Structures are given as structure tokens and as C-alpha cells.
Amino acid sequence: MRIGTWNLGRSGAFHRTRIPRQIHALQQRNADLWVLTEAHDANIPPGGHVSSSAPHGDFHQKGEHRVVLWSRFALRPVATEDALSTVAARLEVPWLDRPLLVYGTVISPAQGGVVQRPALSWQRHLDMVQRQRAEWLRLRQEFPDHALCVAGDFNANLDATASYGSVDPRHSLLQGLADAGLQCLTTDDKRDPLEQGVGRAGVAHVCFSALEGLESRLEAWPASAEGYRLSDQSGILVELSWPQPQVQSWLDSTGSS
């Protein structure tokens with residue numbers, strides 16, 4: 001299964017000339033599931049199934065969403081506490097022996113609320129981290145038979161030596177993932193083999209249930225291609241594979257051979 005996340009930089013409201021190249025880049029990756037952030041109805045790949053976060057007051061253009069889920073498989077929406085910055089849905093993945101619950105998010109950047117003066121640097125970020133980690137644990141308990149995927153723009157590096165992030169929120173994020181039985185598949189130490197130009201320090205992440213035998217391989221693409229700016233951030237995709245028994249379980253249940 002191929003799961004990707006990319007911040008599209010509000011190209012539906014600004015830099016609309018980027019949209020065709022963004023869609024082309026998305027289609028090239030052949031993902032089964034996308035968690036797109038700062039997205040717009042216009043830069044969602046055609047086909048598939050879509051579930052979007054509610055319109056956000058900071059986004060003034062019609063059709064904008066902080067988070068959009070796109071899937072090859074039918075999505076059954078699941079309510080989240082912050083419908084503006086998160087979106088969740090359940091889906092059946094043919095190669096997995098259990099349903100999947102995906103939770104897409106954008107966590108506030110360091111300066112969220114600072115310019116308007118109701119918050120200090122990293123304050124809103126930490127507040128959102130605390131709320132979301134509680135929700136991950138709640139969803140884990142509510143859907144115990146599901147695998148869980150949390151992905152999107154965390155606005156933080158998740159390595160101790162990373163350059164963007166505050167210590168307390170980072171530790172809180174990592175502890176929240178661990179409490180929900182998740183492993184982050186996109187920390188900087190895992191990005192080392194990626195091609196030059198995508199940058200090691202990433203703030204977008206894909207986290208997945210720590211299933212026995214789960215293997216992952218990373219792909220990434222830069223924010224610019226062939227001299228054209230596509231976004232302010234590079235994108236990242238994780239290809240997951242499971243042991244043969246997981247696949248055989250699905251084949252047996254469907255009568256396939």
C-alpha cells in the first residue's frame with residue numbers, strides 16, 4: 001500500500017498555475033491514499049474517494065481545506081474533535097487483514113497566533129499536539145480492530161537533532177504516537193537514502209500501526225521540478241508491505257487464488 005502526504009501551499013487560492021503540475025506529480029506517485037494539506041478542490045486528483053476537513057476561517061477562498069483525504073477505496077467518515085484542522089475516515093484495504101482508520105492533520109506552526117497576540121511561540125502547536133494525541137488514543141480504543149494511520153503536516157521534525165520544533169511538543173508527539181501503538185515512518189534517520197534536493201529535515205509525516213512484519217520504503221520529491229515551483233515543501237510517500245500471511249488472509253476471505 002502506498003500512502004503519501006504533501007502540503008500544496010494553498011495553490012487553490014494563490015499560484016493557481018501550479019495546480020496542473022501538482023496534479024501531474026500526484027498522479028505520477030500512484031498512491032492508494034493521499035493526505036493532502038493546504039489543499040483545494042481544484043488540486044485533488046481525479047477519480048477516487050474524497051473526504052475533506054470543514055472550511056477554515058483563515059482560508060478565505062471557496063473550495064479550500066486544511067486537510068483532504070483521497071483514497072482508491074471507499075471512505076467512511078469518522079467525526080473528529082477539530083473538524084477544521086483534522087479529518088478521519090475508515091476504509092477497507094484489500095491486502096490488510098483488518099480495516100484501516102486514517103487520521104489526516106495539520107498542526108499549528110510555531111508562530112500560530114503569535115502575530116495576532118493571543119499566543120506565544122509554539123503555544124498553539126503544543127495545545128494541538130496535546131488534544132490530538134488524546135484523540136488518537138480515543139480512536140485507538142474506539143476502533144480496536146482497526147489499523148491506524150496518522151499523517152499530514154505536523155509542523156515539527158521528530159528527531160532530537162532536528163532544526164524545527166520545540167522539545168516539549170516533540171516529546172509529546174512521540175509519546176502520543178507510542179501510546180496509540182503507532183510508529184513514525186518518516187523521521188529524519190529514515191530519510192537519509194532519499195534523493196538530493198528533498199531535504200532531510202521534514203515536517204510532514206506518515207505514522208502507522210506497529211504491525212508485526214510491517215516493512216516500509218520511502219519516496220520523496222522536491223518542492224521544485226524542471227525549473228517550476230510546485231509548493232513550499234517537498235512531498236513524501238511511504239510504500240508499506242506486509243508478510244504473505246496478511247495477503248493470504250485476504251485471498252482466503254474473498255475466495256481468490
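Source: prediction; values computed, not measured.
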Q: Does any non-hydrogen side-chain atom of Leu91 lie less than 4.5 Å from one of His49?
A: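 A side-chain contact is absent here, since even the closest heavy-atom pair is not under 4.5 Å.
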
Q: Within this structure, what is the CZ-NE2 distance for the pair Arg18 and His15, rounded to the nearest 0.5 Å?
A: 4.5 Å

Q: Measure the CG-CH2 distance between Leu26 and Trp34 for me, rounded to the nearest 0.5 Å.
A: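 Leu26 CG to Trp34 CH2: 5.0 Å, rounded to 0.5 Å.
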
Q: List, by chain and then residue number, the residues other than Tyr228 in its hydrophobic cluster (Ile/Leu/Val/Met/Phe/Trp/Tyr, side-chain heavy atoms under 4.5 Å); write none if there are no others.
A: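 Direct or chained contacts put Tyr228 with none.
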
Q: Salt bridge or not for Arg2 and Asp32, using N-O below 4.0 Å?
A: no

Q: Where is the tightest heavy-atom contact between Ser209 and Leu182, given as atom of each residue plus distance?
A: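 Taking every non-hydrogen atom into account, N-CD2, 3.5 Å.
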
Q: For Gln61 and Ala13, work out which heavy atoms get closest and say how close.
A: CG-CB, 3.2 Å

Q: In this structure, would Trp242 and Leu218 fall into the same cluster of hydrophobic residues linked by side-chain contacts under 4.5 Å?
A: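 The answer is yes; both residues are in one hydrophobic cluster.
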
Q: Would you say Asp41 and His65 are linked by a side-chain donor-acceptor pair, where the criterion is simply a distance under 3.5 Å?
A: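 Yes - a donor-acceptor pair under 3.5 Å links their side chains.
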
Q: What are the two closest non-hydrogen atoms of Thr5 and Gly152, and how far apart are they?
A: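 Scanning both residues, the minimum pair turns out to be OG1-CA, 3.4 Å.
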
Q: Pair Arg21, Asn43 - check side chain to side chain donor-acceptor pair (under 3.5 Å), show working.
A: CA-CA 9 Å; Arg21 292 185 179 89; Asn43 50 21; over 6 Å; no

Q: Is it true that Ser11 and Arg16 share a donor-acceptor pair across their side chains at a distance under 3.5 Å?
A: no

Q: Is the closest basic N to carboxylate O distance between Glu38 and Arg10 below 4.0 Å?
A: no

Q: How would you list, by chain and number, every residue that makes a side chain to side chain donor-acceptor pair (under 3.5 Å) with Ser53, sequence neighbours excluded?
A: none

Q: Please determine which of Asn7, Thr105, Thr37 meets the side chain to side chain donor-acceptor pair (under 3.5 Å) test together with Asp153.
A: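 Among Asn7, Thr105, Thr37, the one that satisfies the side chain to side chain donor-acceptor pair (under 3.5 Å) with Asp153 is Asn7.
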
Q: When you look at Arg72 and Asn30, which way does the side-chain contact (heavy atoms from CB on, under 4.5 Å) test go after all the steps?
A: CA-CA 10 Å; Arg72 294 190 188 278; Asn30 195 33; 2.4 Å; yes

Q: For the residue pair Val203 and Phe154, establish whether any side-chain heavy-atom pair is separated by less than 4.5 Å.
A: no

Q: Over all heavy atoms of both residues, which pair between Cys184 and Leu158 is shortest? Give the atoms and the distance, please.
A: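 Closest heavy-atom pair between Cys184 and Leu158: SG-CD1, 3.8 Å.
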
Q: How long is the straight-line distance from CG of Leu173 back to CD of Gln175, given to the nearest 0.5 Å?
A: 11.0 Å

Q: Is the closest side-chain heavy-atom distance between Trp221 and Ser234 below 4.5 Å?
A: no

Q: In the hydrophobic clustering (ILVMFWY, side-chain contacts below 4.5 Å, transitive), which residues join Ile23, or is it alone?
A: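 Same cluster as Ile23: Ile19.
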
Q: When you compare the side chain of Leu69 with that of Leu75, does any pair of heavy atoms fall below 4.5 Å?
A: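 Touching, per the 4.5 Å side-chain cut-off.
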
Q: Applying a strict under-4.5 Å side-chain criterion to I, L, V, M, F, W and Y, I'd like to know whether Leu84 and Val150 cluster together.
A: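 Different clusters: Leu84 never reaches Val150 through Ile, Leu, Val, Met, Phe, Trp or Tyr contacts under 4.5 Å.
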
Q: Can you name the closest pair of heavy atoms from Ala39 and Val68 and give their distance?
A: CB-CG2, 3.9 Å

Q: Apply side-chain contact (heavy atoms from CB on, under 4.5 Å) to the pair Arg133 and Met128, showing each step before the final yes or no.
A: CA-CA 8 Å; Arg133 62 176 284 186; Met128 290 186 72; over 6 Å; no

Q: Check this for me, if you would: do Glu135 and Arg131 make a salt bridge, where the nitrogen-to-carboxylate-oxygen distance has to be below 4.0 angstrom?
A: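 Not counted as a salt bridge, because no side-chain N and carboxylate O are separated by less than 4.0 Å.
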
Q: Just how far is it from atom CZ of Phe208 to atom CG of Leu148, taken to the nearest 0.5 Å?
A: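 It is 8.5 Å, given to the nearest 0.5 Å.
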
Q: Is any side-chain heavy atom of Ser216 closer than 4.5 Å to a side-chain heavy atom of Glu239?
A: no

Q: Quick one: do the Thr186 and His205 side chains pair a donor with an acceptor below 3.5 Å?
A: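 There is such a pair between these side chains.
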
Q: Between Glu219 and Arg217, is there a salt bridge with N-O shorter than 4.0 Å?
A: yes

Q: Nearest 0.5 Å, what's the CH2-CG distance between Trp6 and Leu230?
A: 4.5 Å

Q: Just checking, any donor-acceptor pair under 3.5 angstrom between side chains of Thr86 and Gln132?
A: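 No, Gln132 and Thr86 have no side-chain donor paired with an acceptor closer than 3.5 Å.
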
Q: When rounded to the nearest 0.5 angstrom, what is the spacing between CD1 in Ile107 and CG in Asp127?
A: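 CG of Asp127 is found 11.5 Å from CD1 of Ile107.
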
Q: Could you tell me whether Glu215 atom CD has more than 12 heavy atoms of other residues or ligands within 6.0 Å of it?
A: no

Q: Are the side chains of Leu96 and Met1 in contact, using a 4.5 Å heavy-atom criterion?
A: no

Q: With side chain to side chain donor-acceptor pair (under 3.5 Å) as the criterion, how do Gln22 and Ser231 come out once you've worked through the C-alpha distance, each side chain's angles and the decisive distance to 0.1 Å?
A: CA-CA 8 Å; Gln22 288 178 334; Ser231 179; 5.0 Å; no

Q: Do you know the tightest heavy-atom contact between Leu211 and Gln183?
A: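 So the minimum-distance heavy-atom pair works out to N-NE2, 4.5 Å.
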
Q: Is there side-chain contact between Asn155 and Ser108, with at least one heavy-atom pair below 4.5 Å?
A: no

Q: Between Arg98 and His146, do the side chains contain an N or O donor and an N or O acceptor separated by less than 3.5 Å?
A: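 Arg98 vs His146: no donor-acceptor pair found between side chains.
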
Q: Is there a ring-ring contact (aromatic ring centres under 6.0 Å, His included) between Phe143 and Trp136 once you walk through the steps?
A: CA-CA 10 Å; Phe143 299 97; Trp136 303 338; over 10 Å; no

Q: Please say yes or no: joined through hydrophobic side-chain contacts below 4.5 Å, possibly via intermediate residues, are Val102 and Trp95 part of one cluster?
A: yes

Q: Do Leu139 and Leu101 come close enough that some side-chain heavy atom pair is under 4.5 Å?
A: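 Yes, at least one pair of side-chain atoms sits under 4.5 Å.
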
